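What follows is one structure encoded as structure tokens, with my remarks underneath.
Keep in mind that this is a model prediction, so the values were computed, not measured. Protein chains get the first letters and strands the later ones, always in sequence-line order, with residue 1 at the start of each.
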Amino acid sequence: MKRIKIKALLSSPLLGSDVLVKGWVRTKRGNKNIVFITLNDGSTINNIQVVVDAGSFDENLLKDISTGACIAVNGKLIKSQGQGQNIEINATTIELYGKSDAETYPLQKKGHSMEFLRENSHLRFRTNTFGAVFRIRHAMAFAIHKYFNDKGFFYLHTPIITGSDCEGAGEMFHVTTMDLKNMPHNEGGSVDFRNDFFGKETNLTVSGQLEGELGALALGDIYTFGPTFRAENSNTPRHLAEFWMIEPEMAFYDLTDNMDLAEEFVKYLIRYALDNCREDMEFLNNMIDKALLERLKFVLENEFVRITYTEAVTILTASGKKWDYMVGWGRDLQAEHERYLVEEHFKRPVILTDYPKEIKAFYMKQNDDGKTVRAMDVLFPGIGEIIGGSQREEQYDRLLARIKEMKLPEKDLWWYLDTRKFGTAPHSGFGLGFERLILFVTGMSNIRDVIPFPRTPKNAEF
RNA sequence: UCCUCAGUAGCUCAGUUGGUUAGAGCGUCGGACUGUUAAUCCGCAGGUCGUAGGUUCGAGUCCUACCUGGGGAGCCA
């Protein structure tokens with residue numbers, strides 16, 4: 001007999017038919033005569049109740065069916081006599097695949113703290129919350145590919161090991177095959193990488209953007225979606241040392257096109273989650289964040305506010321608020337400022353544009369005022385910056401001048417500069433932190449709980 | 001990295017101005033119950049109080065350092 005997934009079983013139940021389900025026991029209760037097993041197989045947040053006539057089964061088998069055990073149940077699908085569910089399975093045979101010692105199995109029937117479950121990341125998939133989160137995470141990954149594919153974007157695989165440290169996005173993890181206890185040094189005292197695997201210093205990528213631009217300036221519209229690495233000692237609920245990023249890069253897009261795409265893209269993903277992950281979303285709305293669905297619908301129904309950095313500074317100055325950090329043109333906006341704009345002043349997502357060039361990356365297109373660049377940050381309530389992007393500087397001379405001004409290693413960027421030398425084109429792009437999107441969509445509050453195996457300072461277990 | 005709070009039973013927590021044998025709920029285990037819903041009821045077991053020093057007649061409680069975790073900040077996505 002062929003196994004049926006619980007999701008399929010529940011969506012079109014054939015009452016009276018014999019079915020075979022396989023899954024993990026959530027709870028078991030009952031007495032000498034009748035036993036109820038709540039079974040979940042991960043296909044859906046919903047469980048199927050298995051009813052067992054205790055007299056017709058081996059006592060020891062029933063004893064071994066404890067929370068966490070894995071079983072296969074063959075039985076008849078019937079209308080439930082009880083209250084909590086419509087259908088249930090009247091067990092004919094039960095095969096025990098794997099026992100789960102009740103004394104040592106970490107997960108109880110009752111709830112656990114997020115911190116405890118994080119220490120048990122190998123088992124937390126078996127909880128309702130993490131089942132929901134990771135099903136939604138999958139759906140979002142799928143929707144990202146669908147959105148871009150439908151729009152004619154090409155998925156470009158940019159390298160994970162990189163030989164350049166030019167993006168300036170953060171501290172990098174070194175990649176080497178050399179003996180760490182016996183690193184060769186050259187006369188100046190610095191490490192000699194000439195005999196290393198790549199013959200030069202290499203790192204894990206902090207962004208695929210620069211390579212993405214190379215693709216866009218030939219294929220038109222591309223996107224990357226892959227892991228990125230930052231060796232920053234960031235200890236916050238919004239940062240990971242290893243996280244996934246989506247970076248579209250589009251030829252012939254100006255900053256407005258870029259903003260339009262970013263807004264449409266994020267709204268598409270939110271709508272996809274609401275339309276396709278309904279039960280998981282409702283569970284999270286009930287158990288994790290009562291305002292989740294309402295907030296997501298609000299974001300869908302309202303346009304993002306678009307203002308310039310200069311306008312934001314004016315608003316912040318005029319607010320009369322006492323800030324921990326000073327507001328002033330030329331200073332970067334702090335979390336408290338961004339939060340005020342998003343959560344108090346506008347009460348909706350905000351896109352800030354045209355930042356002072358001094359606080360932004362070298363590749364951003366310089367405005368004619370000589371002071372600002374065509375940057376955009378999309379700010380979300382509760383999360384802060386979810387997207388950072390810009391129109392890129394396509395003029396060779398200006399880009400080179402900026403590289404020199406910022407004392408970046410010009411010779412390492414020869415391939416990047418070549419795109420401006422040969423058939424340059426206006427283009428734009430942005431980066432979306434995948435886990436930050438998942439945070440927003442699920443209502444979870446710690447980024448470590450929306451990636452299966454979080455990598456953070458002092459933590460690489462599992 | 002900085003600020004701040006916390007670390008006591010498997011889990012979640014209580015523990016009075018420092019004072020005898022450190023408590024509860026849940027879970028586990030044993031028992032009861034013929035339809036349960038994170039079942040219910042009865043009972044047993046379970047703790048070198050994060051680690052290392054120190055103060056004191058006496059430390060879970062006070063002090064110092066370190067470790068781990070939460071929240072906030074910085075860096076950013």
Side-chain angles (χ1 to χ4, degrees), chain A residues 26-38 47-55 63 66-68 78-85 88 90 100-120 127-128 167-171 206-209 225 227-247 262 287 323-325 332-339 359-361 377-380 383-389 430-440 445-451 456-459 461:
Chain A
R26 284 292 171 81
T27 67
K28 185 183 74 168
R29 42 184 183 269
N31 53 48
K32 265 184 201 150
N33 305 289
I34 186 163
V35 171
F36 301 94
I37 299 165
T38 302
N47 308 311
I48 186 81
Q49 171 160 281
V50 176
V51 185
V52 182
D53 174 17
K63 205 166 195 174
S66 56
T67 301
I78 55 170
K79 192 167 158 36
S80 179
Q81 294 175 36
Q83 284 300 310
Q85 57 284 315
E88 62 194 19
N90 202 343
S100 174
D101 179 42
E103 263 187 87
T104 49
Y105 184 59
L107 303 183
Q108 305 172 174
K109 303 180 202 178
K110 284 233 173 185
H112 290 288
S113 67
M114 291 295 162
E115 291 77 26
F116 176 77
L117 290 170
R118 206 172 294 146
E119 287 168 9
N120 292 278
T127 65
N128 284 331
E167 230 266 0
E171 289 296 309
V206 292
S207 164
Q209 182 200 312
F225 183 11
T228 46
F229 308 87
R230 308 261 168 106
E232 298 287 346
N233 190 12
S234 294
N235 294 284
T236 84
R238 297 179 306 283
H239 290 86
L240 292 164
E242 175 181 311
F243 64 100
W244 288 65
M245 191 153 60
I246 301 105
E247 295 179 288
M287 302 302 287
W323 306 109
D324 292 336
Y325 290 85
D332 206 353
L333 299 181
Q334 303 298 315
E336 57 173 341
H337 309 137
E338 296 181 348
R339 192 169 301 143
I359 57 176
K360 287 293 180 185
D377 283 4
V378 181
L379 309 178
F380 262 41
I383 300 193
E385 188 182 337
I386 193 168
I387 286 176
F430 61 82
L432 168 69
F434 186 50
E435 284 76 18
R436 288 193 182 170
L437 172 82
I438 306 299
L439 272 183
F440 189 74
S445 48
N446 193 312
I447 202 163
R448 294 157 200 200
D449 299 329
V450 296
I451 187 168
T456 51
K458 301 277 181 328
N459 183 8
E461 195 67 46

Exercise. Got a donor-acceptor pair under 3.5 Å from the side chain of A:S234 to the base of B:C76?
Worked result: no

For this session: Please confirm whether any donor atom in the side chain of A:R29 sits under 3.5 Å from an acceptor in the base of B:C33, or the reverse.
Result: no

For this session: For A:E385, answer base if it contacts any base atom (sugar-phosphate contacts may also be present), sugar-phosphate if it contacts only those atoms, and nothing otherwise; contact means non-hydrogen atoms under 4.0 Å.
Result: sugar-phosphate

Exercise. Between B:G35 atom P and A:I37 atom CD1, what is the distance in whole Å?
Worked result: 17 Å

For this session: Taking salt bridge (charged side-chain N to carboxylate O under 4.0 Å, His left out) as the test, write out the residues that go with A:K28, two or more places apart.
Result: none

Exercise. So, does the side chain of A:Q81 form a donor-acceptor pair with the base of B:G35 at under 3.5 Å?
Worked result: yes

For this session: Please work out if A:L437 contacts a base, only the sugar-phosphate, or nothing of the nucleic acid, heavy-atom cut-off 4.0 Å.
Result: nothing

Exercise. Between B:C33 and A:N31, is there an OP1 or OP2 to side-chain N/O distance shorter than 4.0 Å?
Worked result: no

Exercise. Among B:G69, B:C11, B:U68, which nucleotide sits nearest the side chain of A:Q108?
Worked result: B:C11

Exercise. Is any side-chain N of the basic residue among A:D377 and A:K360 closer than 4.0 Å to the acidic one's carboxylate O?
Worked result: yes

Exercise. Side-chain donor or acceptor of A:Q49 under 3.5 Å from a matching atom on the base of B:U36?
Worked result: yes

Exercise. Between the side chains of A:S100 and A:S66, is a donor N or O closer than 3.5 angstrom to an acceptor N or O?
Worked result: no

Exercise. For A:I78 and B:G35, what is the distance between atoms CD1 and C1' respectively, to the nearest whole Å?
Worked result: 11 Å

For this session: Under 3.5 Å for both distances, Watson-Crick or G-U wobble, that's the pair rule; now give the dot-bracket for RNA chain B, with | marking pairs to another strand and [ ] for crossing ones.
Result: (((((((..((((.....[...))))..((((.......))))......(((((..]....))))))))))))....

Problem set entry | Whole-Å distance separating the NZ atom of A:K360 from the C1' atom of B:C75 | 12 Å

For this session: List for me each residue that meets side-chain contact (heavy atoms from CB on, under 4.5 Å) alongside A:Y325, sequence neighbours excluded, and say none if there are none.
Result: A:Q334, A:E336, A:H337

For this session: Give the rounded distance in Å between these two atoms: CG of A:N235 and P of B:G70.
Result: 9 Å

For this session: For A:A335, report the nucleic acid contact type (base, sugar-phosphate, nothing); a contact means any heavy atom under 4.0 Å.
Result: sugar-phosphate

Problem set entry | A:K32 vs B:A32: side-chain N/O to OP1/OP2 distance below 4.0 Å | yes

Exercise. Within less than 4.0 Å of OP1 or OP2 of B:G72, is there a side-chain N or O belonging to A:R339?
Worked result: no

Exercise. So what does A:R26 touch, heavy atoms closer than 4.0 Å: a base, only the sugar-phosphate, or nothing?
Worked result: nothing

Exercise. Taking the P atom of each, how far is B:G18 from B:G58, in whole Å?
Worked result: 16 Å

Exercise. Given the C1' atoms of B:A22 and B:G15, what is the spacing between them in whole Å?
Worked result: 8 Å

For this session: Calculate the interatomic distance between A:I34 atom CD1 and B:U40 atom P; express it in whole Å.
Result: 18 Å

Exercise. A:H239: what forms a ring-ring contact (aromatic ring centres under 6.0 Å, His included) with it, not counting sequence neighbours?
Worked result: none

Exercise. Looking only at atom P, what distance separates B:U56 and B:U61, rounded to whole Å?
Worked result: 16 Å

Problem set entry | Side-chain N,O (A:Q334) to OP1/OP2 (B:G74) below 4.0 Å | yes

For this session: With heavy atoms under 4.0 Å as the rule, sort A:S113 into base, sugar-phosphate or nothing.
Result: sugar-phosphate

Problem set entry | salt bridge (charged side-chain N to carboxylate O under 4.0 Å, His left out) partners for A:R26, two or more places apart | none

For this session: Please measure how far the P atom in B:U51 lies from the corresponding atom in B:G47, and state the result in whole Å.
Result: 15 Å

Seminar exercise, completed: note: A:K109, atom NZ; B:G25, atom P; distance rounded to Å ~ 17 Å

Exercise. For the base of B:U36, is there a side-chain donor-acceptor partner from A:Q85 under 3.5 Å away?
Worked result: yes

Problem set entry | Student check: side-chain heavy atoms of A:E435 and A:L240 closer than 4.5 Å | yes

For this session: Tell me what A:P106 touches on the nucleic acid: a base, only sugar-phosphate, or nothing, going by heavy atoms under 4.0 Å.
Result: nothing

Problem set entry | 4.5 Å side-chain heavy-atom contact, A:R29 and A:T38 | yes

Exercise. Atom CG of A:N47 and atom P of B:U36: how far apart are they, to the nearest Å?
Worked result: 18 Å

Problem set entry | Which nucleotide in B:A32, B:A77, B:U36 has an atom nearest any side-chain atom of A:M245 | B:A77

For this session: For B:A38 versus B:C11, give the span between their C1' atoms, rounded off to a whole number of Å.
Result: 14 Å

Problem set entry | C1' spacing across the pair B:C26 / B:G46, given as an integer number of angstrom | 14 Å

For this session: Would you mind classifying the nucleic acid contact of A:G111 as base, sugar-phosphate or nothing, using non-hydrogen atoms under 4.0 angstrom?
Result: base

For this session: Figure out the CD1/C1' separation between A:I447 and B:G71, and round it to whole Å.
Result: 16 Å

For this session: Would you mind classifying the nucleic acid contact of A:T228 as base, sugar-phosphate or nothing, using non-hydrogen atoms under 4.0 angstrom?
Result: nothing

Exercise. When all nucleic acid strands are considered with a 4.0 Å heavy-atom cut-off, which category describes A:E338: base, sugar-phosphate, or nothing?
Worked result: nothing

For this session: Could you check whether A:G82 gets within reach of a base, just the sugar-phosphate, or nothing at all, counting any heavy atom under 4.0 Å?
Result: base

Exercise. Hey, does A:K63 reach any base, or is it just sugar-phosphate, or nothing, if we go heavy atoms under 4.0 Å?
Worked result: sugar-phosphate

Exercise. Are the ring of A:F243 and the six-membered base ring of B:A77 within the stacking cut-offs of under 5.5 Å and under 30°?
Worked result: yes

Problem set entry | Nearest-nucleotide 5' precedence on RNA chain B, A:A241 against A:Y325 | A:Y325

Exercise. With respect to the side chain of A:F116, which nucleotide from B:C76, B:C29, B:U12 is positioned closest?
Worked result: B:U12

Problem set entry | Gap in Å between the two C1' atoms, one belonging to B:U40 and one to B:C33, rounded | 9 Å

Exercise. Can you find a donor-acceptor N/O pair under 3.5 angstrom joining the side chain of A:H239 to the base of B:C76?
Worked result: yes

Problem set entry | Set of residues satisfying side-chain hydrogen bond (donor to acceptor under 3.5 Å, both in side chains) with respect to A:E338, sequence neighbours excluded | none

Problem set entry | Any A:N33 side-chain heavy atom under 4.5 Å of A:D53 side chain | no

Problem set entry | Flag side-chain contact, heavy atom, 4.5 Å: A:T127 against A:H112 | no

Exercise. With no hydrogens and no angle check, do the side chains of A:S207 and A:E247 hold a donor and an acceptor under 3.5 Å apart?
Worked result: yes

Exercise. With a 3.5 Å cut-off and just heavy-atom distances, do the side chain of A:E336 and the base of B:G72 make a donor-acceptor pair?
Worked result: no

Problem set entry | Pairwise C1' distance for B:C75 and B:U1, with rounding to whole Å | 10 Å

Exercise. Which is true for A:L240 with a 4.0 Å heavy-atom rule: it touches a base, it touches only sugar-phosphate, or it touches nothing?
Worked result: base

Exercise. Looking at A:R448, does any N or O in its side chain come under 4.0 Å of the phosphate oxygens OP1/OP2 on B:G69?
Worked result: no

Problem set entry | Base B:G35 to side chain A:Q83, donor-acceptor N/O within 3.5 Å cut-off | no

